[in-house]
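These numbers were taken from a predicted model, which means no experiment stands behind them. For ligands, and for the atoms within them, numbers begin at 1 and follow the listed sequence. These numbers come from the heavy atoms of this one structure, side chains and all, not from hydrogens, waters or symmetry mates.
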Amino acid sequence: MPENKMPVPRATTASPYDSQPTPTNASVPITRFRDGNRFLSNFWFVPQGVSFDQMTGPTVEHVFQAAKTLDRHQRGAILNARTALEAKTLGQKVDLRPDWEFLKLGVMAALQGSKYSDPQLAALLIATDNAHLEEGNHWHDTFWGVCSCSAHDAVGENWLGRLLMIKRSLLLA
Ligand SMILES: Nc1c(N[C@@H]2O[C@H](COP(=O)(O)O)[C@@H](O)[C@H]2O)[nH]c(=O)[nH]c1=O
């Protein structure tokens, strides 16, 4: 019998497409920005600096907090703060620009772009693979992170984590 006339064998096993769901290989979620994942925090020192709107600071936190105001002196004081925590504290006392609530997500996205233009930080972010990212915290940050404390049971919108995951996708695109 010519080879191309061989009877088609009956399928005796299920198609591979009928088998068990494909494992997703999802990486372990990163729910705390500490230890080896501390670089994901906005408090992380970025050697080449982080820039936005003609401001440069040593951490995302410095520039983010400075961007809350249009007052040049307040901006300067925040950018010169000795630590990110000090910048955050000063940022809570500024004359808030009236459009801040509309701007803050875009400012944070731009700052992540500036931070991860550093190739070493970009490589670290890419190395998180497809892990879910969220800044679990106990300081009641339910907008940028997810708070677990006596008042919150893992409550938060996780906008920092979402922006980081978007940035990671853009780095791989
Ligand atoms: N990472 C981190 C904090 N988180 C940062 O605080 C900022 C919240 O700013 P605001 O919108 O002004 O409430 C935001 O950048 C968030 O990532 N806060 C801390 O006290 N310690 C920390 O280690």
Side-chain angles (χ1 to χ4, degrees), residues 28-118 120-122 124-128 131-171:
V28 177
I30 295 172
T31 57
R32 288 276 187 274
F33 293 175
R34 63 187 182 204
D35 303 326
N37 296 314
R38 184 68 185 154
F39 76 93
L40 293 165
S41 167
N42 286 339
F43 281 27
W44 186 254
F45 172 69
V46 181
Q48 90 278 15
V50 178
S51 300
F52 173 76
D53 192 19
Q54 299 179 326
M55 295 183 284
T56 299
T59 70
V60 166
E61 196 67 22
H62 281 77
V63 188
F64 178 76
Q65 297 297 340
K68 287 183 172 178
T69 185
L70 295 169
D71 183 295
R72 282 191 319 120
H73 298 292
Q74 292 178 359
R75 280 187 167 192
I78 294 172
L79 292 173
N80 286 318
R82 280 175 300 120
T83 65
L85 184 59
E86 191 179 309
K88 180 174 175 173
T89 306
L90 289 172
Q92 285 159 356
K93 300 174 200 153
V94 293
D95 297 322
L96 201 65
R97 54 187 299 172
D99 50 0
W100 179 243
E101 282 304 307
F102 294 100
L103 291 180
K104 65 182 185 183
L105 270 171
V107 172
M108 188 64 88
L111 288 169
Q112 300 307 322
S114 175
K115 175 177 177 178
Y116 290 99
S117 65
D118 174 341
Q120 285 182 331
L121 287 173
L124 286 173
L125 181 56
I126 289 169
T128 64
H132 172 80
L133 305 177
E134 71 179 40
E135 187 170 42
N137 66 79
H138 55 269
W139 51 84
H140 315 305
D141 186 344
T142 57
F143 182 78
W144 298 110
V146 175
C147 181
S148 299
C149 67
S150 53
H152 296 115
D153 184 12
V155 176
E157 297 177 33
N158 189 34
W159 282 106
L160 177 58
R162 295 189 206 202
L163 291 176
L164 286 166
M165 290 185 274
I166 292 169
K167 183 63 203 167
R168 182 176 62 192
S169 300
L170 291 172
L171 287 169

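For the pairing with F39, the side chain to side chain contact (heavy atoms under 4.5 Å, CB included) check across W44, F45, F33 returns one residue only, W44.
For ligand 1, the 4.0 Å heavy-atom shell takes in R38, S41, N42, F43, E61, F64, Q65, K68, K88, M108, E135, W139, D141, W144, L160, ordered by chain and residue number.
With sequence neighbours excluded, the residues forming a side chain to side chain contact (heavy atoms under 4.5 Å, CB included) with S51 are T56, S114, listed by chain and number.
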Contacts table for residues 91-101: side-chain donor-acceptor under 3.5 angstrom, sequence neighbours left out:
unit_1	atom_1	unit_2	atom_2	d
D95	OD2	Q74	NE2	3.0
R97	NE	D99	OD1	2.8
R97	NH2	D99	OD2	3.3
E101	OE1	K104	NZ	3.0
E101	OE2	K104	NZ	3.3

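Annotation: salt bridge (Lys or Arg N to Asp or Glu O under 4.0 Å) contacts involving residues 34-63, sequence neighbours excluded, comprise D53-R75.
With no hydrogens or angles considered, a side-chain donor-acceptor pair links Q65 and K68 at under 3.5 Å.
A donor-acceptor pair is defined here as one N or O able to donate and one able to accept, closer than 3.5 Å; such a pair exists between the side chain of H62 and the backbone of A81.
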